[in-house]
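The shown structure was predicted, so the numbers you read here are calculated from the model rather than taken from an experiment.
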Amino acid sequence: IEKIKDASKEIPVFFTFNFSLGVNLLVALSKKAAAVLGNDFDIEIVEKHHNQKLDAPSGTALMLAEIYYLHEDRLEPIIKACIERECDRRIFTPFENNHYWYEECTHNWAPVCAGNVAGAMIYLAPERFDKNKDRLLMPFKNFIAGQPDDGTCLEGISYWQYGYGFYVMTAQIIYEYSNGEIDLFYSDPKVKKIAQYPSHAFLKGYTSISNADSTPDGKIDKDLLNFLRSKFGSDVPALPEECYAHWRGNGGWLNKSRR
């Protein structure tokens, strides 16, 4: 922050964490409220989007859909109805009525966005996945086609875990749903090559190669790599413990049964 302040003495700098008018207005109002209420006032922070936000590639939808699938018999009817209604209104119907940028891209956002939509549909509305199957599978094909032949992730180990991790997660959901008829793990030889990338991404001292905006201390989820080893065997080498971090993200479920 201090470096930014120093730079602003010589060049124009506009600094904000969010360009939304509503968010910046909220920040300004919060400062006034804090000045009036003081340190002893009890405050609760609740995160909520505006009511017109339609999250076509929302990770929240997949999370809620998976909760619904795994715990349907334990959820109150009003909660289940809310999940069904909002996923339809915010995710499924907008997807069916629009065309999105991630459907053509070849980088990590392709499996992340398409995976969230496909996974949520399989859990909540499988007939809609069947209807949109070809369209939903295309971003996964585009993603693999856009990767180098040697499987290197040009965005570094962190984005390998994020983008390829979503590819792996959704590929397994689709594999189980289709009873093995749709197998994105063996749809292209590069899928295994990409799985092998971590074995080439660490330097001496287990520092990772910091491509793009990945950090040099990036680590990977052990469950994710173990799952890939269960798919591809010893062709995906194990790594020293220093390379692992148990990340609460899209690898966390991979060592647990979904049935």
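A heavy-atom distance below 4.5 Å is found between the side chains of Leu137 and Leu184. The shortest distance between side-chain heavy atoms of Phe92 and Leu124 falls below 4.5 Å. With contacts defined as side-chain heavy-atom distances shorter than 4.5 Å, the pair His107/Leu154 does not qualify. Asp149 places a side-chain heavy atom less than 4.5 Å from the side chain of Lys190. Using a 4.5 Å heavy-atom threshold, the side chains of Pro198 and Ile157 count as touching. At least one side-chain heavy atom of Arg229 sits less than 4.5 Å from a side-chain heavy atom of Asn226. A heavy-atom distance below 4.5 Å is found between the side chains of Pro126 and Tyr177. Trp109 places none of its side-chain heavy atoms less than 4.5 Å from the side chain of Tyr159.
Residue pairs meeting the salt bridge (Lys or Arg N to Asp or Glu O under 4.0 Å) criterion with at least one partner in residues 103-116, sequence neighbours excluded, are Glu103-Arg135.
Here the straight-line distance linking atom OH of Tyr244 with atom CG of Asp221 works out to 10.0 Å at 0.5 Å rounding. Distance NZ/Lys231 to CD/Gln172: 4.0 Å, rounded to 0.5 Å. Rounding to the nearest 0.5 angstrom, the gap separating the CD1 atom in Ile122 from the CD atom in Glu176 is 10.0 Å. A distance of 10.0 Å separates CD of Gln196 from CG of Asp150, quoted to the nearest 0.5 Å. The structure places OG1 of Thr93 at 12.5 Å from CZ of Arg90, a figure rounded to the nearest 0.5 Å. Here the CE atom belonging to Met121 is positioned 12.5 Å from the CG atom belonging to Leu62, to the nearest 0.5 angstrom.
When all heavy atoms are compared, the tightest approach of Leu225 to Ala238 is CD2-CA, 4.4 Å. Scanning both residues, Ala195 and Trp160, for their nearest heavy atoms gives O-CZ2, 4.1 Å. For the residue pair Leu239 and Ile220, the shortest heavy atom distance occurs at CD1-CD1, 3.5 Å. For Ala7 against Val13, the heavy-atom pair with the smallest separation is C-CG2, 4.4 Å. Taking both residues in full, the closest heavy atoms of Val191 and Phe232 are given as CG1-CZ, 4.1 Å, listed atom of the first, atom of the second, then distance. Gly163 approaches Pro111 most closely through the heavy-atom pair O-CG, 3.4 Å.
Within 6.0 Å of atom CD1 in Ile78, 12 or fewer heavy atoms from other residues, nucleotides or ligands are found, so the atom counts as exposed in its surroundings. Within a 6.0 Å radius of CD in Glu10, no more than 12 heavy atoms belonging to other residues, nucleotides or ligands are found. Within a 6.0 Å radius of OH in Tyr197, more than 12 heavy atoms belonging to other residues, nucleotides or ligands are found.
Side-chain N or O atoms of Tyr68 include none that pairs as donor or acceptor with a backbone N or O of Lys80 at under 3.5 Å. When atom types are taken as modelled, the side chain of Ser178 and the backbone of Ile174 share a donor-acceptor pair closer than 3.5 angstrom.
Every salt bridge (charged side-chain N to carboxylate O under 4.0 Å, His left out) that Asp235 has, sequence neighbours left out, goes to Lys192.
Ring geometry for Phe166 versus Tyr162: interplanar angle over 60°, hence perpendicular rather than tilted (30 to 60°). Ring planes of Tyr102 and Phe95: parallel class, angle under 30° (limits at 30 and 60°).
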Steps toward side-chain contact (heavy atoms from CB on, under 4.5 Å) verdict (Lys9, Asp6):
CA-CA 6 Å; Lys9 297 174 182 178; Asp6 290 340; 3.7 Å; yes
Just do the side-chain contact (heavy atoms from CB on, under 4.5 Å) check on Phe143 and Asn108 with the steps written out, would you?
CA-CA 7 Å; Phe143 169 69; Asn108 283 321; 3.3 Å; yes
Pair Ile182, Lys133 - check side-chain contact (heavy atoms from CB on, under 4.5 Å), show working.
CA-CA 10 Å; Ile182 304 176; Lys133 178 175 62 178; 3.6 Å; yes
Please assess Tyr164 against Leu228 for the test side-chain contact (heavy atoms from CB on, under 4.5 Å), listing each intermediate value before the final yes or no.
CA-CA 11 Å; Tyr164 185 61; Leu228 292 170; 3.8 Å; yes
Between Thr106 and Asn142, is the side chain to side chain donor-acceptor pair (under 3.5 Å) condition met? List the steps.
CA-CA 5 Å; Thr106 58; Asn142 293 340; over 6 Å; no
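Residues Met138 and Tyr167 fall into different hydrophobic clusters, defined by Ile, Leu, Val, Met, Phe, Trp and Tyr side chains chained together at heavy-atom separations under 4.5 Å. Trp101 and Phe140 fall within a single hydrophobic cluster, where Ile, Leu, Val, Met, Phe, Trp and Tyr side chains are chained together by heavy-atom contacts under 4.5 Å.
In this structure, a donor-acceptor pair under 3.5 Å is present between the side chains of Asn132 and Glu96.
The one candidate from Cys113, Pro139, Pro94 that meets the side chain to side chain contact (heavy atoms under 4.5 Å, CB included) condition with Tyr100 is Pro94.
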